[in-house]
Amino acid sequence: MKIAIRKFYYGDIPEDKAGGAGETARSEDKAQWPLWEIFVRSKQGLDHKHVGSLHATDAAMAIENARDVYTRRQEGISIWAVESKYIHASNPDDAECFYEPAEDKIYRHPTFYELPDEVNHM
């Protein structure tokens, strides 16, 4: 007895979900995919910049989809995909108390130092 093994690739619709009712199930499944934040490093830059978000089942799919969506004109040389649940940010409402400690360190301000006349472009 031979058993047929079919490999599925990204974008494939399993046979049991093909057709009318399967499309609804597929869109519901897609809603359960985790959200990924995408960062792209441009050819001119040294840093990665946030370019958008997308849903994908895993990191490999997120990078492949990001390549297709965010680097269509070959403007990037590197892509980072980070699952959104792993990104933590400060609260903008707490900015005053969060950044206040730097105000009392006047030695960190460029006005604290006197530059010699030989230094023209600083």
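Values reported hereafter were calculated over all heavy atoms of this structure, with side chains retained and with hydrogens, waters and symmetry mates removed. Everything numeric in this text was worked out from a predicted model, so none of it was measured.
Side-chain atoms of Lys43 come within 3.5 Å of backbone N or O of Gln74 as a donor-acceptor pair. Checked by atom type and distance alone, the side chain of Glu75 pairs as donor or acceptor with a backbone atom of Arg73 at under 3.5 Å. With hydrogens and angles ignored, the 3.5 Å screen pairs no side-chain donor or acceptor of Trp80 with any backbone N or O of Val40. Formation of a donor-acceptor pair under 3.5 Å by the Arg41 side chain with backbone atoms of Gly45 is found in this model.
Atoms NE2 and CD, from His55 and Gln32 in turn, are 10.0 Å apart once rounded to the nearest 0.5 Å. Atom CH2 of Trp36 and atom OG of Ser84 lie 9.0 Å apart (nearest 0.5 Å).
Of the residues Ile63, Thr71, Leu54, Asn65, the one that meets the side-chain contact (heavy atoms from CB on, under 4.5 Å) test with Ile38 is Leu54.
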> Are Leu35 and Glu37 close enough, and set up right, to give a side chain to side chain contact (heavy atoms under 4.5 Å, CB included), and what steps lead you there?
Replying inline: CA-CA 7 Å; Leu35 182 66; Glu37 300 301 326; 3.8 Å; yes
>> Walk me through whether Ser78 and His48 qualify under side chain to side chain contact (heavy atoms under 4.5 Å, CB included).
In response: CA-CA 8 Å; Ser78 176; His48 286 74; 2.9 Å; yes
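Classified by interplanar angle (parallel below 30°, tilted 30° to 60°, perpendicular above 60°), the ring pair Phe39/His50 is perpendicular.
When all heavy atoms of Asp58 and Met61 are compared, the pair lying nearest together is OD1-N, 2.9 Å.
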